[in-house]
Each structure stands twice: as C-alpha cells, then as structure tokens.
Colleague: 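Here it is, the structure, as structure tokens.
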Amino acid sequence: MANTPTLFDADFFDAAQDARAWPFEEAKKVLKRVEKSGKKEAIFETGYGPSGLPHIGTFGEVVRTSMVRHAFRLLTKDEIPTKIICFSDDMDGLRKVPTNVPNQERMAEYLGKPLTKVPDPFSDEYPSFAHHNNARLRRFLDDFGFEYEFASATDYYTSGRLDAALLRMLEVYDDVMKVILPTLGEERQKTYSPFLPICPRTGIVLQVPMISRDVEHGTVTYVDPETNEEVTVPVTGGAVKCQWKADWALRWYALGVDYEMSGKDLIDSVKLSSRIVRAMGGTPPESLSYELFLDDKGQKISKSKGNGLSIEDWLTYASDESLALFMYQKPKTAKKLHFDVIPKAVDEYYTFCTKAETQSPAEVLENPTVHIHAGMPPKHDMPLSFALLLNLVSAANASDASVLWGFITRYAPVATPETHPELDRMVGYAIRYFNDFVKPTKQFRAPTDQERAAMEKLAARLDEVDDQSDAEAIQTLVFEIGKEFEFEPLRNWFKALYQVLLGQDQGPRFGSFIALYGVAETKQLIADALEGKFAA
RNA sequence: GUGCCCGUAGCUCAGCUGGUAGAGCAUCCGACUUUUAAUCGGACGGUCGAAGGUUCGAAUCCUUCCGGGCACACCA
C-alpha cells in the first residue's frame, strides 16, 4: 500500500490516547504489557504454516497486525521501537507430499524430514522446498509493502538463538507435560513429547516419547523406533525442534513476543501455549482471536475446499486498499467474503479517504484509511462510484476501456484517464468484472423476421453516417427505422436491439452507443448477430 | 459439553465512551431522455430476538433466556 504522510506529530499523539478504534484497543493492551515488563521494544509476531502458500487469511493477519503496530506507535509517541516478525515454520517435517507440486516421487523420499531439507520440487533455484516457499511468502509480503523481519525456524534453531529457551523448556519438562497430556487422547499420550528429535541417522523429525532427560547436560534420550537403540541428543543447536504448542510457547519466550493474533480455531492452542510459557516463567503475549471468513453460503472458507474468494480473486476486481479496508472492519465478526462485498468496500474506501481531509485528529484516528496506510490517506477525486461504474459498464456493454471512458466523460465531462488515474484504474477493474460476471450471464436471442429486416436496413443505412456523426443524428436514424418497420410500441424495437445485439433486456441510449462503439463496429455486430453467432 | 460471534427496514448491514432509529439495494411515485438503461428527487418501510435490571433516559451497559452460525481429535 502506497506510502503517505505519517501522523507522527503532537496532535495525533494526543488524540491517540483516547482513540477507540480496535487497533488502539489492542495497542493499549500491548503497551500495558510492555510497561509491566519494562521492555525497551515491542515485538509483534505472525506465523506461517509450512505449506507456505499465502492465502487471504495470511494477508488479513499481516494487515491487521500492521494496523495494531501503527496504533501502538501513535499511542507511544513512537518512542518505543517496534517490529513485526514473520516467522516461518520451515523446520517442520514434511508430512505428506503436496498434490499441487511436480516431482511427486522424489518428494516422497523426503517424507518426515524438515522442509528445509526437502529439495525444491519446482527448480534448482532454491536449496529447499522451504526456501522456495519462504521466498514466495516474502515476495508476497514485499509486494504489499509490509514492513517486517523475516524469521526462519530452521535458522533460529540451528543458530542457537533458541538454546536458552530450549534448556528452560527442558527444566520445566514435567510441567509442560502436565499441561498437554490431559488434552490428548489415550494413544497420543503414550508418544507425546514437547521435543521432537531430528534423527541423526535418517534426518527425520521423530515423534517419539522421551525415556529420560538430563537437565544438567541439556540432553534428552529416546529409543530409535527402527534400531531400538537408545539415542541421546542435545535439545540445543537444532538437534530437536519443539512440537507445535510447545514450539509456539518457545518462540514467545525466546523472542519476547508481545502480540500475536490468530484465528478463532486456535483459541485452545493459544490457551495451552500460554500455560506453557507461564510454566517456563514467561508471560504470554497479548492476543486477538479473529473470526474466520465465510463464503456466500456461510461456509468456512478453506484452501482445500476452494470456496470463497482468494486474494488473487479480489485483486482482479479491486484494489488492495479495498481489501485492506475489508480486513480492518470488525475482525471479531464472522464475515462473508464473496464478490458481492467488493464494490461496497471499494466505494467506502474512497469515501473514507475524502472524509479524512476534513476530519479532526481524533476523528481521523477512527478513519479506517489511516490504519490502512499507516498515515493520511491519498487524495482521490472520484466523480463516479465503483457501483455506478459497474452499472455503466454493464448497461453500456463496454468491454473496452476507451468505450467506457466515452460514457464516463459524457457523465462527468471533466474526467479523463489523464486527470483521473485512480478512476482509470477502477475502469480496468470494472471491465474485468464485466467480462467475468456480466458477460457470461448474457442471453442472446434470435431476431424475428421483422426485426431481422429492420436490422439489415439499419446496417445498410449506417453507411450514410460516419464516425464523425454525432449521437443525435444516429439516434434519429435508429428511430426512423423503428417507425418504418412499424414496431408498436416503438420501445419493442429498442428492446429487440438490446436482446439480439447485446444479450440483455436493457441498454444504453442506442445512438450514443453507436457513436461511442463505432459505426463500423456496430455494423459488424449486427452482421454477427444476424448470422446467429451470438444466440446459443 | 466448552468457547467465540451474530440477531436492527423485504435483503445486506452501519449505529463508537447511553440522549428522538440510519445507509445501500429492493419496491412504489416523479423528473430527465423523440425508446430503454443510467442519473436525479421523493415515498414506503423497524414494538432494534425476548424478559428483567441500572438510569431522568437503553439498540447501546449488566443478568438470564430464545434463535442462528462457527470453532474445539491428530497435524499446523
């Protein structure tokens, strides 16, 4: 999202103290936590599963976390340093071969191994599958201009940055087990361990019980399931990684995470991980459980089901700012995420942008756009709403930007693509929307004999006019032909034109349409229709 | 069972720390247009899920209940 003027000055700092927008509410919780701990920095974290592909929930999480961070900076007069850590769980074992990658057989040989040890199935460009996914994730985040610090679990484990925390986890091992075991089924209880050793023999991430541990030496001992030999490994230096909930706790503890939000499906995990952190002597971060997104039928959106909207879908038909606005609104309410919500989000975004110009500092901080831009929103002059554009593009049957601009300029004479680049951007979106949603619903019908004759006449008489002719003259011509062929009422003649030529029941004023669409093009359109190229 | 969210106009939803119920769409009427659509103006439309409580005053705060949705094995 584009850089805009920041709000870091006294007026906004003052207003922030009483601001009630949800990012401020969250930021206040973080501030309280930071003050209590006496820390000199506030750490925000977002985590990413090993499958790696960014989806709309990922986007929402980073956008929203960035908003809380920005609110925090305003709240604290930007005197406390902040950062967002994007943590990739790239040391997790490969559990199954993804169905959407090439080289399936080769991948299968690496089942169970850390993702950073699995070769990239796509190319030799990256040293591993995880590196490939991480690169994609970072490109994704960079494209949106997010500020973040990337963190790789593998790097953290192997570099020793987690060693102190791992040793602490080992010390409180029994307490951790007490937290987790009651939540597990009988079978899983037998094999559970917060530590997952990386088998020195095979490199596989093992899910095996620990038979003993040595706090003093910082090691754990387990039985190799294949050789039945006892193996002792250090918990440090990347020789083990932690199992999910323990892993989360470990990170919070080691990095001093102050804030992390997550979907409401993870509420129980947050609770358990929090108890583990406390067992370690730490304090769990402030958290926000956001609601999941639903599709138009109220079903949960999931990657595997492929329902609902993807980021790509949204960005095909509207700007990333409008998507960010959608994410801003009510994170704790389950919202339906489908095509119909797009136009509203787009128009509200511009409305809020305009409003911000005349608002007081206190009001500005309640304006979603300042949270989207982390500063004052850009100024836009929007003579037409997106909703109106969509109507226009549909009514005018415009699948071409220049044709659509013709209609727009008639409506708002001052507007051109040069003077209104933002509107031009929307024109592009509207046309895509038209092509993908309006066009497929068109129903062309064959003309009656009377209509056919009239249209042939119209095509012939269009030779009399040229592209220079004005819309009125052409309109008169169309009108005359309707009279000549005795359409009664005359409205049926126009209706026939729309239904046969445009595949819709209603349409633009026909003279204007021809003038903008082009005389030659219209003749071709008529010829095609009469040949039956449109009617199914 | 535990927890979260929701219940406001026909539909989709706004209503922020309590002060006379709002928008968009839909519907209907009108204006403009030598047709239509678009556009513009207007009208219609709600005992704010229910009952208690706090208050001079509650859609808003508290309690209980009803109805709907979702999450909660393992893995992340």
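Naming convention: chains lettered A, B, ... in sequence-line order (proteins, then strands); numbering from 1 in each chain.
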Colleague: Starting at the 5' end of RNA chain B, write a dot or bracket for each base, bracketing those in Watson-Crick or G-U wobble pairs whose two distances are under 3.5 Å and using | for partners on another strand.
Modeller: (((((((..((((.....[..)))).(((((.......))))).....(((((..]....))))))))))))....
Colleague: Could you work out the separation of B:G24 and B:G45 based on their C1' atoms and round it to a whole Å?
Modeller: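 The same atom, C1', in both gives a distance of 15 Å.
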Colleague: Measure the distance from NZ on A:K245 to C1' on B:C74 and round it to the nearest whole Å.
Modeller: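 Answer to the nearest Å: 9 Å.
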Colleague: For A:K330, which contact category applies under a 4.0 Å heavy-atom criterion: base, sugar-phosphate, or nothing?
Modeller: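 Sugar-phosphate only.
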Colleague: Nearest nucleotide by nearest heavy atom, which residue falls closer to the 5' end of RNA chain B, A:A334 or A:L477?
Modeller: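 Looking at RNA chain B, the more 5' nearest nucleotide goes with A:A334.
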Colleague: Using side chain to side chain donor-acceptor pair (under 3.5 Å) as the criterion, list what pairs up with A:S152, not counting sequence neighbours.
Modeller: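 Side chain to side chain donor-acceptor pair (under 3.5 Å) check on A:S152 returns A:D90.
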Colleague: Could you tell me how far B:C25 sits from B:A38 if I compare only their C1' atoms? Round to whole Å.
Modeller: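 16 Å, rounded to whole Å.
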Colleague: Could you state the CG-C1' distance from A:L365 to B:C16, rounded to the nearest angstrom?
Modeller: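 Whole-Å distance recorded here is 14 Å.
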Colleague: Does A:E480 come within less than 4.0 Å of A:R461, counting only side-chain N to carboxylate O?
Modeller: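 Between A:R461 and A:E480 there is a salt bridge, with a charged N closer than 4.0 Å to a carboxylate O.
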Colleague: Assert yes or no for the condition that the ring centre distance of A:H371 to A:F24 is strictly below 6.0 Å.
Modeller: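 Yes, ring centres under 6.0 Å apart.
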Colleague: In whole Å, I'd like the distance from the CD atom of A:E186 to the P atom of B:C74.
Modeller: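 Between P of B:C74 and CD of A:E186: 14 Å.
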Colleague: Name the orientation class of the two ring planes belonging to A:H132 and A:F129 (parallel below 30°, tilted from 30 to 60°, perpendicular beyond 60°).
Modeller: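 The arrangement is parallel - the two ring planes meet at less than 30°.
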Colleague: Name the nucleic acid region contacted by A:R20, choosing base, sugar-phosphate or nothing; use a 4.0 angstrom heavy-atom cut-off, strictly under.
Modeller: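 Base contact.
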Colleague: Please check the phosphate of B:C5 (OP1 and OP2 only) for any side-chain N or O of A:T333 closer than 4.0 Å.
Modeller: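 For B:C5, OP1/OP2 do not have a side-chain N/O of A:T333 under 4.0 Å.
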Colleague: Which of the following nucleotides, B:U34, B:A76, B:U35, is nearest to the side chain of A:T476?
Modeller: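 So the side chain of A:T476 is nearest to B:U34.
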Colleague: Kindly state which residues belonging to residues 263-274 of chain A come within less than 4.0 angstrom of RNA chain B, counting heavy atoms of the residue only, listed by number.
Modeller: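 Close to the strand are A:K264, A:D265, A:L266, A:D268, A:S269.
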Colleague: Which label fits A:Y429 and A:F386: parallel for a plane angle under 30°, tilted from 30 to 60°, or perpendicular past 60°?
Modeller: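 Perpendicular: the ring planes of A:Y429 and A:F386 meet at over 60°.
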Colleague: I'd like to know whether A:D424 forms a side-chain hydrogen bond (donor to acceptor under 3.5 Å, both in side chains) with A:W405, so could you lay out the CA-CA distance, the side-chain angles of the two residues, the decisive distance to 0.1 Å, and finally the verdict.
Modeller: CA-CA 8 Å; A:D424 195 36; A:W405 266 106; 2.6 Å; yes
Colleague: Roughly how far apart, to the nearest Å, are B:C75 and B:C70 at atom P?
Modeller: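 Approximately 25 Å lies between the P atom of B:C75 and that of B:C70.
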Colleague: The side chain of A:E291 lies closest to which of these nucleotides: B:C4, B:A76, B:U35?
Modeller: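 Within the option list, the nearest is B:C4.
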Colleague: Using whole Å, what does the distance between atom C1' of nucleotide B:A14 and atom NZ of A:K335 come to?
Modeller: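 So the NZ-C1' distance, A:K335 to B:A14, works out to 13 Å.
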Colleague: Restricting to side chain to side chain donor-acceptor pair (under 3.5 Å), what partner residues turn up for A:E25, sequence neighbours left out?
Modeller: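 Scan of A:E25 (side chain to side chain donor-acceptor pair (under 3.5 Å), adjacent residues dropped) gives none.
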Colleague: Quote, to the nearest angstrom, the C1' distance that separates B:G68 from B:G30.
Modeller: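 B:G68 and B:G30 have their C1' atoms separated by 41 Å.
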Colleague: CG of A:L337 versus P of B:U12: gap in Å, rounded?
Modeller: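 Interatomic distance, CG of A:L337 to P of B:U12: 17 Å.
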Colleague: In terms of side-chain heavy atoms of A:L292, which of B:U34, B:U35, B:A71 is nearest?
Modeller: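 So the nucleotide nearest the side chain must be B:A71.
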Colleague: Check the distance between B:A14's P and A:F352's CZ and give it to me in whole angstrom.
Modeller: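 Whole-Å distance recorded here is 11 Å.
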Colleague: Taking only side-chain nitrogens and oxygens of A:R188, does any of them come within less than 4.0 Å of OP1 or OP2 of B:C75?
Modeller: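 Result: yes.
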Colleague: Mind checking the C1' distance from B:A26 to B:G19? Whole angstroms is fine.
Modeller: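 Per the computed distance, 33 Å lies between those C1' atoms.
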Colleague: Using side-chain contact (heavy atoms from CB on, under 4.5 Å) as the criterion, list what pairs up with A:S322, not counting sequence neighbours.
Modeller: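 side-chain contact (heavy atoms from CB on, under 4.5 Å) check on A:S322 returns A:W314, A:A318, A:S319, A:A345, A:V346.
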Colleague: Mind checking the P distance from B:C61 to B:C6? Whole angstroms is fine.
Modeller: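 The answer is 11 Å between these two P atoms.
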Colleague: So, does A:K241 use its side chain to make a donor-acceptor pair with the main chain of A:P114 at under 3.5 Å?
Modeller: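 A pair under 3.5 Å: no.
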Colleague: Does A:Q243 make a side-chain N or O approach to OP1 or OP2 of B:A76 shorter than 4.0 Å?
Modeller: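 The answer is yes; a side-chain N or O of A:Q243 sits under 4.0 Å from OP1 or OP2.
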Colleague: Report the residues that fulfil salt bridge (Lys or Arg N to Asp or Glu O under 4.0 Å) with A:K264, sequence neighbours left out, ordered by chain and then residue number.
Modeller: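 In terms of salt bridge (Lys or Arg N to Asp or Glu O under 4.0 Å), with neighbours along the sequence ignored, A:K264 is linked to A:E291.
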Colleague: Look at the side chain of A:Q475 against the base of B:U34 and say whether a donor-acceptor pair falls under 3.5 Å; ignore hydrogens and angles.
Modeller: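 In this structure, the two groups form no donor-acceptor pair.
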Colleague: NA contact type, A:E348, heavy-atom cut-off 4.0 Å: base, sugar-phosphate, or nothing?
Modeller: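 Nothing, no heavy atom under 4.0 Å.
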Colleague: How far, in whole Å, is B:U8 from B:A23 if one measures between their C1' atoms?
Modeller: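 It comes out at 13 Å once rounded to the nearest Å.
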Colleague: NA contact type, A:S289, heavy-atom cut-off 4.0 Å: base, sugar-phosphate, or nothing?
Modeller: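 Since no nucleic acid heavy atom lies under 4.0 Å of A:S289, the category is nothing.
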Colleague: For A:F494 and B:U35, are the ring centres under 5.5 Å apart with planes inclined under 30°?
Modeller: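 A:F494 vs B:U35: stacking yes.
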Colleague: May I ask you to establish whether A:K457 and A:F485 are in a cation-pi arrangement, using a distance under 6.0 Å from NZ or CZ to the six-membered ring centre and at most 45° from the ring axis?
Modeller: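 A:K457 over A:F485 ring: no.
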Colleague: Is the A:Y156 to A:F87 ring centre distance short of 6.0 Å?
Modeller: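 Centroid separation for A:Y156 and A:F87: below 6.0 Å.
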Colleague: Starting at the 5' end of RNA chain B, which residue's closest nucleotide do you reach first, A:Q207 or A:D18?
Modeller: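 So the residue in question is A:D18.
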Colleague: With C1' as the reference atom in both, quote the distance from B:G67 to B:A73 in angstrom, rounded to an integer.
Modeller: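 Each nucleotide's C1' atom is 29 Å from the other's.
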Colleague: Whole angstrom is fine here: how far is it from CZ in A:F479 over to C1' in B:U34?
Modeller: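 Rounding to the nearest Å, CZ of A:F479 and C1' of B:U34 are 4 Å apart.
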Colleague: A:H371 NE2 to B:C16 C1': how many Å, rounded?
Modeller: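 Value for this atom pair: 13 Å.
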